[in-house]
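Note that the structure is a prediction, hence the values are computed from the model and not measured. The first residue of the sequence shown is numbered 1, and numbering continues consecutively from there. Note that ligands are numbered from 1 as they come in the structure, with each ligand's atoms numbered from 1 the same way.
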Amino acid sequence: MEQRTDNLRSREWFDTPELYGWLRRAAFMAEGHTHDAFEGKPVIGICNTWSELTHCNSHLRGLAEAVKRGVWQAGGFPMEFPVMSLGEYNMRPTTMLFRNLMSMDVEESIRANPLDGVILLGGCDKTTPALLMGAASADIPAILVTGGPQLKANWRGEELGSCTDCRRYEIELRAGRITEEDWSELQTCIVRSPGHCMVMGTASTMASVVEAMGIAPPGNAAIPAVDSRRLRLAESAGRQILRLIEDDMRPSRIMTRESFENGIRTLHAIGGSTNAIIHLMAIAGRLGVDLPLSLFDELARTTPFLLNLKPSGEFLMEDFYYAGGLSALLKEIEPLLDTSLPTVTGRTLGENIEGAVNYKPELLRSMDNPMDPEGGLAVVRGNLAPTGAIIKPTAASQSLLTHQGRALVFEDHDDLLARIDDPDLDVRPEDVLVMRNGGPIGAPGMPEWGFLPLPKKILATGVRDMVRLSDARMSGTAFGTVVVHVTPESAAGGPLAAVRTGDQILLDVPNRKLDLLVEEREIRSRLVGTPPVAPRYNRGYGWMYAQHAQQADQGCDFDFLRSDFTGG
Ligand code: FES
């Protein structure tokens with residue numbers, strides 16, 4: 001391909017009469033490149049979240065090498081650079097606290113350097129949205145390639161998925177149904193390869209949604225991490241980024257309101273993670289695209305849930321790939337999508353999915369025979385969540401979707417851990433477990449504490465689910481009748497702060513209701529008498545986070561990073 005070079009962004013760095021233009025060439029040559037290797041060529045950044053502390057992304061250096069091959073083949077000059085990496089298992093108190101920080105790293109690393117285009121390499125839960133938030137703000141041509149799902153786990157002949165089945169078997173351990181020895185053996189089997197969690201958790205959800213939005217190439221969602229086809233996908237992306245530069249195809253031209261709607265439809269059709277709502281809102285906020293929470297619910301009502309994958313179904317991401325992958329799912333819901341939208345392939349979404357075949361109808365249902373006629377996520381509101389809360393009905397007990405029960409309140413996560421297994425805890429299976437101070441400001445960082453553990457004394461009776469409620473988040477791999485993202489959060493003065501043990505709570509998912517059955521006057525008076533929660537951080541990044549993070553119904557981004565921010 002003959003590439004125009006006179007209008008490249010990187011020329012601003014090199015075609016300067018001052019010493020630095022000369023020095024920048026010297027710096028490239030200092031890494032062993034000849035002058036001809038880069039002169040006049042588009043410089044392609046490979047923004048890599050590889051880290052040994054992020055096991056899901058531990059193979060991304062290999063993927064970067066494949067991208068480089070593609071860039072060289074197409075006449076570009078690749079430059080790999082590291083950004084912050086967010087490993088879900090290792091980082092404390094929660095990766096969500098650092099998503100915005102990583103997005104700033106990505107944005108400024110792109111903006112400050114002589115790059116004409118960028119390939120974004122991510123995978124583990126928060127790395128994908130943070131990459132896209134940063135790339136959206138920097139807004140130079142970009143293609144996202146995620147690392148792909150892990151291979152299926154297998155324990156004693158049973159196919160398992162991380163970490164849905166880690167959670168399931170932990171419950172069995174707490175209930176005394178498996179031994180510590182079983183549990184240790186399972187630990188050696190559950191993660192077989194690099195790659196992200198291979199159920200439809202947050203990582204798989206985001207990898208799918210971004211493919212539907214056109215910012216990631218076809219195949220991105222489901223090709224297993226260690227399958228050679230993923231390397232070939234990365235190599236192709238390395239070639240394709242040159243074409244995007246030629247066409248000035250920036251993230252803002254791909255991630256439009258219509259493309260977000262395609263993404264939300266896909267989110268519902270796959271029964272994706274509740275976390276995707278927050279991430280999509282945050283990415284949209286960087287682009288000036290309005291995505292109200294009501295839109296998610298509106299599209300859920302008219303999008304069938306089709307994908308029989310854990311945690312809402314039976315299969316795993318590897319199976320999904322063999323069934324035809326996301327292209328096959330998009331083909332199934334094609335009438336609901338705007339297929340005229342552009343994608344990073346240079347073709348429309350409709351052209352990308354032409355000829356896609358569903359090879360496994362028991363895994364990927366048709367619109368005529370869905371897992372559920374409505375989408376996988378629902379927004380509930382009421383006097384307990386005036387601006388909304390989220391539940392994943394597809395992963396919940398159907399018998400609990402309409403439920404009234406007595407509140408059992410935990411002040412925060414520490415209080416929960418201290419009391420949940422107390423043999424004297426006054427708890428019944430029909431109670432509603434409530435935890436507060438788990439939100440963006442209160443925790444801070446909105447950890448995945450929302451999957452509240454069931455009390456041991458309840459587990460001992462054979463019960464495996466109860467209605468649970470909090471202003472925290474829930475891992476996309478988790479399951480149960482769990483209401484999360486209650487907004488406003490308790491630390492921001494939300495009514496969750498007024499709930500007392502013994503109050504009655506009504507959850508009515510079909511009618512999208514979540515109410516505290518207490519007089520409004522009494523709720524107001526309790527809130528007035530509630531002392532503010534002491535901040536957990538008095539300096540540094542944690543302090544800044546609590547000052548500037550928005551509520552969950554707005555995406556939890558920093559107010560000053562949104563495109564509509566006009567100054568302090
Ligand atoms: Fe990285 Fe699950 S731990 S995606």
Atom indices of ligand 1, in the order listed, that fall short of 4.0 Å to a heavy atom of Tyr89:
3 (S)

Considering the heavy atoms of Ala203, write down every atom of ligand 1 situated less than 4.0 Å from one of them.
4 (S)

Going by the 4.0 angstrom heavy-atom rule, the piece of Cys124 near ligand 1 is both

Heteroatom test (N, O or S) for Cys197 near atom 1 (Fe) of ligand 1, limit 2.8 Å
no

Any chance the side chains of Gln550 and Asp557 put a donor and an acceptor closer than 3.5 Å?
no

Within a 6.0 Å radius of atom CZ on Arg92, are there more than 12 heavy atoms belonging to other residues, nucleotides or ligands?
no

Modelled atom types, side-chain donor and acceptor of Thr394 and Ser312, under 3.5 Å
yes

Validation row, ring centre Tyr545 to ring centre Phe98 under 6.0 Å:
no

Please say whether more than 12 non-hydrogen atoms of neighbouring residues, nucleotides or ligands are located less than 6.0 Å from OH in Tyr541.
yes

To the nearest 0.5 Å, tell me how far Met198 CE sits from Ser162 OG.
4.0 Å

May I ask you to list the atoms of ligand 1 that are less than 4.0 angstrom from any heavy atom of Glu88?
3 (S)

for atom 4 (S) of ligand 1, nearest protein heavy atom and its distance come out as Asp125 OD1, 3.2 Å

Atom indices of ligand 1 within 4.0 angstrom of Cys56 heavy atoms, with elements:
1 (Fe), 3 (S), 4 (S)

